[in-house]
Amino acid sequence: MELAGIWDCQNRRCNARSARIRIHPGELQAVLAVEFCVIQKGKQMLKEVALTALTSIAKSTKKMVNGGIVQFWTCLNFSYKLRNVETTTTICNELVNMCVSKGTQFSANSLLPIRSANPSQIEEALIGVHDQSMARLASMGQNGKQLQLLIIILPDQSGSYGKIKRICDTELGIVSQCCKLANLTRLSKQYFENVALKINVKVGGRNNVLSDAIQRRIPLVSDLPTIIFGADVTHPQPGEDSGPSIAAVVAFVDWLEITKYRGLVSAQHHSEEITQDLYRTTVDPQRGVIHRGMTR
């Protein structure tokens with residue numbers, strides 16, 4: 001590692017505005033320009049600069065443990081402030097490139113042309129994208145396949161996120177990634193990295209795995225095939241006497257690595273703290289004993 005810079009001990013400052021740092025960890029070579037910050041002493045300052053550089057390199061070169069796959073995707077823009085298709089395409093390309101650099105297998109071309117839609121017609125626009133994507137896939141001989149990711153640029157006015165998610169998740173079965181225009185137009189690398197992490201998980205990838213899990217060093221869990229459940233109950237706000245409480249149960253499904261979870265939710269009596277629908281059985285005259293509940 002080389003640190004270039006002259007520290008003026010008398011004036012407690014550096015005569016250069018930046019330090020040039022060359023780092024060779026294994027095959028990695030990088031040269032970063034990092035702004036000097038006066039801490040206490042020259043040596044301490046250079047140490048802090050070096051740590052900052054190493055941290056930046058580590059973040060920029062990390063990849064997901066397992067990259068998801070996105071073959072069929074498109075983008076739907078609901079923002080009136082963005083009506084230029086070229087700009088929208090540039091934003092999507094930046095996001096796709098970031099996903100690829102982090103390990104996601106991402107098709108460079110969208111299934112449908114990137115388009116804009118009226119924010120007052122959200123449901124119609126989403127249904128239209130779903131129907132057109134199914135027709136397009138059928139024409140390609142991809143019967144049974146569907147759109148794997150819909151990138152959505154949210155309307156300028158807030159309040160539409162819940163509606164969009166409800167339609168995509170519960171009615172159309174489309175995996176969606178919503179973004180605000182203000183965040184996208186900055187073309188911030190950090191923002192695109194964060195969105196890429198979210199997308200990878202949504203399309204079946206894994207961003208990280210416990211080191212102890214891979215090396216089978218988790219007590220009890222690593223010894224035998226194990227499943228761990230988590231459960232909680234959320235209650236209505238104080239003063240809301242009629243609303244139900246919501247119970248949720250999650251459990252991981254990828255022993256040994258413990259990174260993928262499945263969850264179920266269930267409404268139950270108001271302010272009931274005990275999860276009521278964890279497990280139960282019913283007897284059917286024709287089918288016999290039927291196992292029901294959230295942990296069936």
Side-chain angles (χ1 to χ4, degrees), residues 68-96 99 104 106-107 109-186 191-192 194-205 234 236-237 240 242-244 246 248 262-267:
I69 300 175
V70 181
Q71 289 180 289
F72 312 123
W73 67 277
T74 190
C75 176
L76 187 59
N77 168 41
F78 286 112
S79 173
Y80 274 131
K81 296 179 180 179
L82 180 63
R83 282 295 184 258
N84 188 310
V85 177
E86 292 183 0
T87 303
T88 310
T89 302
T90 299
I91 290 172
C92 289
N93 288 340
E94 288 290 331
L95 181 55
V96 169
C99 290
T104 304
F106 214 115
S107 173
N109 300 315
S110 60
L111 178 67
L112 299 176
I114 295 170
R115 68 189 69 182
S116 297
N118 191 328
S120 65
Q121 299 176 338
I122 290 175
E123 185 169 2
E124 293 86 345
L126 293 174
I127 293 174
V129 167
H130 175 265
D131 293 345
Q132 291 170 31
S133 64
M134 295 297 287
R136 172 64 175 155
L137 288 168
S139 70
M140 296 167 56
Q142 298 286 347
N143 293 310
K145 299 290 184 68
Q146 64 177 22
L147 194 67
Q148 294 170 310
L149 177 67
L150 176 59
I151 301 170
I152 297 174
I153 301 177
L154 292 169
D156 303 317
Q157 300 295 325
S158 61
S160 302
Y161 176 82
K163 180 178 181 179
I164 291 172
K165 281 296 183 181
R166 175 182 59 80
I167 295 171
C168 289
D169 294 348
T170 66
E171 296 182 16
L172 302 178
I174 296 177
V175 175
S176 60
Q177 177 59 54
C178 296
C179 304
K180 290 184 177 180
L181 178 63
N183 295 328
L184 291 170
T185 51
R186 289 199 295 265
Y191 177 75
F192 283 126
N194 292 338
V195 175
L197 290 173
K198 294 180 179 180
I199 289 176
N200 190 60
V201 172
K202 291 178 180 181
V203 296
T234 301
Q237 296 179 354
E240 188 177 330
S242 59
I246 304 297
R262 294 292 181 267
L264 289 172
V265 296
S266 175

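Only heavy atoms go into these numbers, but all of them, side chains included; no hydrogens, no water, no symmetry mates. The chain is numbered in sequence order, starting from 1.
Taking every heavy atom of both residues into account, M134 and K145 meet most closely at SD-O, 3.7 Å. Smallest separation of non-hydrogen atoms from T87 and L82: CG2-CD1, 3.6 Å. Minimum heavy-atom separation, L95 to A196: CD1-N, 4.5 Å. Contact detail for T88 and C75: the closest heavy-atom pair is CG2-SG, 4.1 Å. Closest approach of V265 and A248 over heavy atoms only: CG1-CB, 4.0 Å.
Between N77 and R83 there is a side-chain heavy-atom pair separated by less than 4.5 Å. No side-chain heavy atom of S133 sits less than 4.5 Å from a side-chain heavy atom of Q146. With a 4.5 Å cut-off on side-chain heavy atoms, D156 and F78 do not count as touching. In this structure the side chain of S176 never reaches within 4.5 angstrom of the side chain of L126, judged on heavy atoms. Side-chain atoms of C99 and V70, non-hydrogen and from C-beta on, never get closer than 4.5 Å to each other. Between I151 and I114 the shortest side-chain heavy-atom distance does not fall below 4.5 Å.
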inquiry  = If you apply the rule side-chain contact (heavy atoms from CB on, under 4.5 Å), what do you find for F192 with L184, and how did you get there?
reply    = CA-CA 8 Å; F192 283 126; L184 291 170; 3.8 Å; yes

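Judged by distance alone, the side chain of K180 and the main-chain N or O of L154 form no donor-acceptor pair under 3.5 Å. When atom types are taken as modelled, the side chain of W73 and the backbone of L112 share no donor-acceptor pair closer than 3.5 angstrom. Side-chain N or O atoms of N200 include none that pairs as donor or acceptor with a backbone N or O of T104 at under 3.5 Å.
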